[in-house]
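The structure appears below as structure tokens.
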Amino acid sequence: MTSHFIGVAGLPRAGSTLLCQLLAQHPDLYCEGNSSPLCNTLLGMRRMVSDDSFFLSQLDSTFDASYDHLKTAMQGFLRGWYQDCGKQGVVDKNRAWLHCVEMLLQLAPEAKVIVCVRELGQVYGSIEAQHQRTILVDFIDHLADFDRMGRADMLFAKDRTIGAPLSSLHAVLDLPVEVQKKLYFVRFEDLMARPVECMSHLYAWLGLAPWQIDPHNLAVGIQESDSHYRMKYTHRQQATISVPKLHAIPPRIQAQIESAYDWFYELYYPQHQRAAMPSA
């Protein structure tokens, strides 16, 4: 049985762990919930074979056959990863799926990707709040020695925790319409406020039979490792959904975020009340 492939990507601290927990409630979905190495492995295969001298020499004389060998091998790896799940759809979580969605669709044309977003100030605030709770431990990329503004700048850099998936979100505007139709955006705030409605709509978009979750009685899956992230990005699952308190963000940092990522707010939070830049 070949299962339809569903990737979960998006911003950190934007509800991907909860979303996967809710997807796992549907009886026709297989969802382990933890961040998966599958996407990274496929990207590694592409890099490795593209530098392999034997493969490159075959492209000169038998391009079509050699390229088909590679394509079917990578398709086989993708399908084989969840071969025995026995469900209509399989869910795989990795923020890189959005970045390489066009490669994914070459390997699994039926694939869809769910993208989690959240107001950017609260994304930063969630990370900073967790850092303050674990301040004696450094980040994996050594951000603890920065002040709050410096740490925010680093987190939003294009190759860092927030900046990298943000760049992938910005690049969605350049994708062909047919590819964009394969993407479904879930706002964290909507998922918190109206989980039953949000999941019913999402299940329908995925082509699944109707299913209503009970936000006060959720099955809890295997806990993802947090020590790998130095306890800065926790992935707790809870039996009930509770709306988190808003994080207090320094006005200067909030205003800088909103100014730098105006396109994000126009696309996903057009009703958001912008912060005023504080006077010097």
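Linking ILVMFWY side-chain heavy atoms closer than 4.5 Å, directly or via other members, places Leu23 and Ile241 in a single hydrophobic cluster. Cluster annotation: Tyr82 and Val8 are assigned to distinct hydrophobic clusters (Ile/Leu/Val/Met/Phe/Trp/Tyr, side-chain heavy-atom contacts under 4.5 Å, transitive). Linking ILVMFWY residues whenever their side-chain heavy atoms come closer than 4.5 Å, directly or via other members, places Leu202 and Val196 in the same cluster. By the rule that hydrophobic residues join a cluster once side-chain heavy atoms approach within less than 4.5 Å of another member, Val90 and Phe77 end up as members of one cluster. Cluster annotation: Leu173 is connected to Leu183 through the hydrophobic network of ILVMFWY side chains, with a link wherever side-chain heavy atoms come within less than 4.5 Å.
Between the side chains of Glu128 and Gln132, at least one donor N or O sits under 3.5 Å from an acceptor N or O. Between the side chains of Glu258 and His272, at least one donor N or O lies within less than 3.5 Å of an accepting N or O. In this structure, a donor-acceptor pair under 3.5 Å is present between the side chains of Asp153 and Gln256. With no hydrogens or angles considered, no side-chain donor-acceptor pair links Glu119 and Tyr268 at under 3.5 Å.
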Glu110 and Arg79: salt bridge (charged side-chain N to carboxylate O under 4.0 Å, His left out), yes or no, with the steps?
CA-CA 12 Å; Glu110 87 295 340; Arg79 300 299 187 188; 2.9 Å; yes

Under the side-chain contact (heavy atoms from CB on, under 4.5 Å) criterion, do Glu224 and Lys93 qualify, and how do the steps go?
CA-CA 12 Å; Glu224 183 167 352; Lys93 183 176 75 165; 3.3 Å; yes

I'd like to know whether Lys232 forms a side-chain contact (heavy atoms from CB on, under 4.5 Å) with Thr134, so could you lay out the CA-CA distance, the side-chain angles of the two residues, the decisive distance to 0.1 Å, and finally the verdict.
CA-CA 7 Å; Lys232 303 299 183 181; Thr134 59; 2.9 Å; yes

Could you walk me through whether Leu143 and Thr161 pass side-chain contact (heavy atoms from CB on, under 4.5 Å), step by step?
CA-CA 11 Å; Leu143 303 183; Thr161 304; 5.7 Å; no

side-chain contact (heavy atoms from CB on, under 4.5 Å) assessment of Tyr229 paired with Thr234
CA-CA 8 Å; Tyr229 304 102; Thr234 56; over 6 Å; no

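You'll find the side chain of Leu59 reaches within 4.5 Å of the side chain of Phe55, heavy atoms only. Using a 4.5 Å heavy-atom threshold, the side chains of Val115 and Trp97 count as separate. A 4.5 Å side-chain heavy-atom check between Met199 and Leu19 finds at least one atom pair inside the cut-off. Contact annotation: the side chain of Leu29 never approaches that of Lys87 to less than 4.5 Å [non-hydrogen atoms, C-beta and beyond]. Looking only at side-chain heavy atoms (C-beta outward), Tyr261 and Ile162 stay at 4.5 Å or farther from each other. Within the 4.5 Å cutoff, the side chain of Trp81 has no heavy atoms near those of the Leu42 side chain. By the 4.5 Å heavy-atom criterion applied to side chains, Val101 and Val172 are not counted as neighbours. Between Gln122 and Phe188, every side-chain heavy-atom pair lies at or beyond the 4.5 Å cut-off.
Here Lys71 contributes atom NZ and Leu107 contributes atom CG; the two are 7.5 Å apart, rounded to the nearest 0.5 Å. Distance check, rounded to the nearest 0.5 Å: OG of Ser16 to NE2 of His235 gives 6.0 Å. Considering CG of Asn217 and OG1 of Thr240, their distance stands at 9.5 Å, rounded to 0.5 Å. Atoms CG and CG, from Asn94 and Asn34 in turn, are 12.0 Å apart once rounded to the nearest 0.5 Å. Atoms CD and CG, from Gln106 and Leu78 in turn, are 12.5 Å apart once rounded to the nearest 0.5 Å. Rounding to the nearest 0.5 Å places CZ of Arg187 at 13.0 Å from SG of Cys116.
Residue pairs meeting the side-chain hydrogen bond (donor to acceptor under 3.5 Å, both in side chains) criterion with at least one partner in residues 169-180, sequence neighbours excluded, are Glu178-Lys181.
Summarising the local packing, CH2 of Trp211 is surrounded by 12 or fewer heavy atoms from other residues, nucleotides or ligands at distances under 6.0 Å. Within a 6.0 Å sphere centred on CD1 of Ile222, heavy atoms belonging to other residues, nucleotides or ligands number 12 at most. Other residues, nucleotides and ligands contribute over 12 non-hydrogen atoms within 6.0 Å of the NE2 atom of His131.
Across all non-hydrogen atoms, the minimal contact from Gly15 to Leu191 is O-CD2, 4.4 Å. Contact detail for Gln237 and Ala219: the closest heavy-atom pair is OE1-O, 4.3 Å. Between Gly10 and Arg95, the shortest heavy-atom contact is O-CD, 2.7 Å. Heavy atoms only, all atoms of each residue included: Arg151 and Ala144 are closest at NH1-O, 3.4 Å. Heavy-atom minimum distance, Phe156 versus Leu120: CZ-O, 4.1 Å. Between Gly125 and Ile249, the closest heavy-atom pair is CA-CD1, 3.5 Å.
Test Ile213, Leu208, Val91, Leu206 against His26 for side-chain contact (heavy atoms from CB on, under 4.5 Å) and you get one pass: Leu208.
Judged by distance alone, with hydrogens and angles left aside, the side-chain atoms of Ser66 form no donor-acceptor pair with the main-chain N or O of Phe63 at under 3.5 Å. At distances below 3.5 Å, at least one donor-acceptor pair connects side-chain atoms of Thr72 with backbone N or O atoms of Asp68. Between the Gln130 side chain and the Met231 main chain, a donor and an acceptor come within less than 3.5 Å of each other. With hydrogens and angles ignored, the 3.5 Å screen pairs no side-chain donor or acceptor of Arg118 with any backbone N or O of Leu11. For Ser57 (side chain) and Phe54 (main-chain N/O), a donor-acceptor pair under 3.5 Å exists by modelled atom type.
Proximity of the aromatic rings of Tyr184 and Trp205 is defined here by a centroid distance below 6.0 angstrom, and this criterion is met.
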